[in-house]
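In what follows, a structure is listed as structure tokens, so that the remarks can point back to it.
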Amino acid sequence: DELPPARPIEELLAELDDLVGLDSVKTEVRLVTNLLRVQQLRDERGLPTSPQSRHLVFTGNPGTGKTTVARLLAEIYRSLGVVEKGQLVETDRSGLVSGYVGQTALKVMEVADRATGGVLLIDEAYALARGGENDFGREAIDTIVKVIEDRRDELVVIAAGYPDEMADFIGANPGLASRFPKTIFFPDYTDDELWGIFVLTGERAGYHPDASAEEKVRAWFASVPRDKGFGNGRLARNLFEDAVARQAGRVVELTDPTDEQLTTLIAGDIAEPGEGPRHTSSA
């Protein structure tokens with residue numbers, strides 16, 4: 001199929017800037033983008049350029065925007081001519097590792113074929129480095145290293161996972177450290193940023209919380225422990241979906257509700273602090 005035209009870099013960076021929070025991530029992505037643009041200019045004018053690895057490590061808890069930023073980076077890479085198509089293919093250990101001899105390398109190659117011309121995002125990549133002697137995760141890593149080398153002008157790989165565990169992945173093969181020289185850390189969202197995600201999700205869906213709902217939502221976020229695996233943006237979206245379901249149960253009892261009633265979330269639509277969302281449509 002014919003690809004749509006590549007989007008202008010300025011448009012992609014503006015979309016990046018519109019994301020809630022992630023200031024340090026945005027700075028790092030701009031650094032990567034600027035370096036590539038300057039290298040292009042130097043190459044066009046016959047000036048020497050030093051080869052730079054385009055592969056990246058993303059670290060951070062779930063729900064911190066890693067997939068969203070990876071998708072934008074794939075488009076940025078396409079617009080700059082680093083890759084041809086700019087698609088993002090996501091996978092994890094289950095998509096790369098087989099339980100049978102000789103099958104893991106085939107699974108890795110199948111995923112690589114789908115990602116060639118774009119970006120391959122390996123979520124929880126550290127899981128490949130774990131397991132006993134009969135585990136095929138190491139075979140997957142060895143195959144990934146070979147694919148990166150063989151397709152260095154056709155494929156970009158982003159390995160993502162928790163900060164501490166990603167060191168296990170990088171240390172699993174002597175060729176990984178040089179191929180993944182840059183790590184971008186995705187911090188947890190603050191309560192204010194989670195509130196911003198809740199509001200933005202509502203705006204896109206045609207809902208708005210009133211002042212009482214805001215107070216309840218902020219109290220709910222403040223009550224959630226910030227331990228490993230904290231849900232971040234996913235948590236905010238789940239809370240919103242739960243609120244919409246609760247609001248529907250309330251509004252359906254009204255006779256001929258107004259537009260205002262159909263679109264407003266109130267405190268009674270928000271889960272109690274310490275109570276998990278009951279109605280969600282996504283993980």
Check the pair Asp242 / Trp220 against side chain to side chain contact (heavy atoms under 4.5 Å, CB included), numbers first and verdict last. CA-CA 13 Å; Asp242 176 72; Trp220 194 90; over 6 Å; no
Met109 vs Lys146, test: side chain to side chain contact (heavy atoms under 4.5 Å, CB included). Steps then yes/no. CA-CA 10 Å; Met109 294 308 297; Lys146 186 175 188 309; over 6 Å; no
Would Arg42 and Val38 count as a side chain to side chain contact (heavy atoms under 4.5 Å, CB included) here? Give the steps. CA-CA 6 Å; Arg42 291 175 63 91; Val38 170; 4.1 Å; yes
Apply side chain to side chain contact (heavy atoms under 4.5 Å, CB included) to Ile141 and Phe169, showing your working. CA-CA 8 Å; Ile141 292 174; Phe169 172 74; 4.1 Å; yes
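Side-chain heavy atoms closer than 4.5 Å link hydrophobic residues (I, L, V, M, F, W, Y) into clusters, and following such links, possibly through other members, connects Val32 to Leu12. Hydrophobic clustering of Ile, Leu, Val, Met, Phe, Trp and Tyr side chains at less than 4.5 Å, counting indirect connections, keeps Ile266 apart from Val199. Following chains of ILVMFWY side-chain contacts shorter than 4.5 Å, one can reach Leu200 starting from Trp195, so the two form part of one hydrophobic cluster. One hydrophobic cluster, built from ILVMFWY side chains closer than 4.5 Å, cannot hold both Met166 and Phe185; they sit in different ones.
To the nearest 0.5 Å, atoms CD1 (Ile148) and OG1 (Thr143) are separated by 11.0 Å.
With sequence neighbours left out, the salt bridge (Lys or Arg N to Asp or Glu O under 4.0 Å) criterion links Glu165 to Lys228. Not a single side-chain hydrogen bond (donor to acceptor under 3.5 Å, both in side chains) links Lys85 to another residue, sequence neighbours left out. Not counting sequence neighbours, Asp43 has no partner by the side-chain hydrogen bond (donor to acceptor under 3.5 Å, both in side chains) test.
Side chain to side chain, Asp210 and Ser212 meet the donor-acceptor criterion of an N or O pair below 3.5 Å. Counting only N and O atoms by type, the side chains of Asn232 and Asn61 include no donor and acceptor under 3.5 Å apart.
With hydrogens and angles ignored, the 3.5 Å screen pairs no side-chain donor or acceptor of Glu75 with any backbone N or O of Ala6. In this structure, Lys66 contributes its side chain and Gly161 its backbone to no donor-acceptor pair below 3.5 Å.
Here the side chains of Lys182 and Glu28 are in contact, with some heavy-atom distance below 4.5 Å. Considering only heavy atoms from C-beta on, Val217 stays 4.5 Å or farther from Pro209 through its side chain. Between Leu19 and Leu72 the shortest side-chain heavy-atom distance falls below 4.5 Å. A 4.5 Å side-chain heavy-atom check between Leu41 and Glu44 finds at least one atom pair inside the cut-off. Under the 4.5 Å side-chain criterion, counting only non-hydrogen atoms from C-beta, Ile9 is in contact with Ile76. Side chains of Phe240 and Ile197 form no contact here, defined as non-hydrogen atoms less than 4.5 Å apart. Put simply, the side chain of Tyr207 does not reach to within 4.5 Å of the side chain of Asp269, judged on heavy atoms. Residues Arg54 and Leu36 are in side-chain contact: their nearest non-hydrogen atoms beyond the backbone lie under 4.5 Å apart.
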Under 3.5 Å, sequence neighbours excluded: what are the donor-acceptor pairs made by side chains of residues 114-129?
unit_1	atom_1	unit_2	atom_2	d
Thr116	OG1	Ala112	O	2.7
Thr116	OG1	Arg151	NH1	2.6

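Comment: Glu214 engages Arg218 in a salt bridge, judged by a side-chain N to carboxylate O separation of less than 4.0 angstrom. The pair Arg246-Glu272 fails the salt-bridge criterion, with no side-chain N (NZ, NE, NH1 or NH2) lying under 4.0 Å from an Asp/Glu carboxylate O.
For Asp259, the CG atom is loosely surrounded, since the number of other residues' heavy atoms within 6.0 Å does not exceed 12. Within 6.0 Å of CD on Glu215 lie no more than 12 heavy atoms contributed by other residues, nucleotides or ligands.
Counting only residues at least two apart or in different chains, ring-ring contact (aromatic ring centres under 6.0 Å, His included) contacts with residues 6-63 comprise His55-Phe180, Phe58-Phe186. For residues 13-43, there are no ring-ring contact (aromatic ring centres under 6.0 Å, His included) pairs, not counting sequence neighbours.
For the residue pair Ala70 and Ile158, the shortest heavy atom distance occurs at CB-CD1, 4.0 Å. Pairing each heavy atom of Gly86 with each of Ala74, the nearest pair is O-CB, 3.4 Å. The nearest pair of heavy atoms linking Ala177 to Ile170 is CA-CG2, 3.8 Å. For the pair Lys107 and Leu96, the tightest heavy-atom approach, listed with the atom from each and the gap, is CB-O, 3.6 Å.
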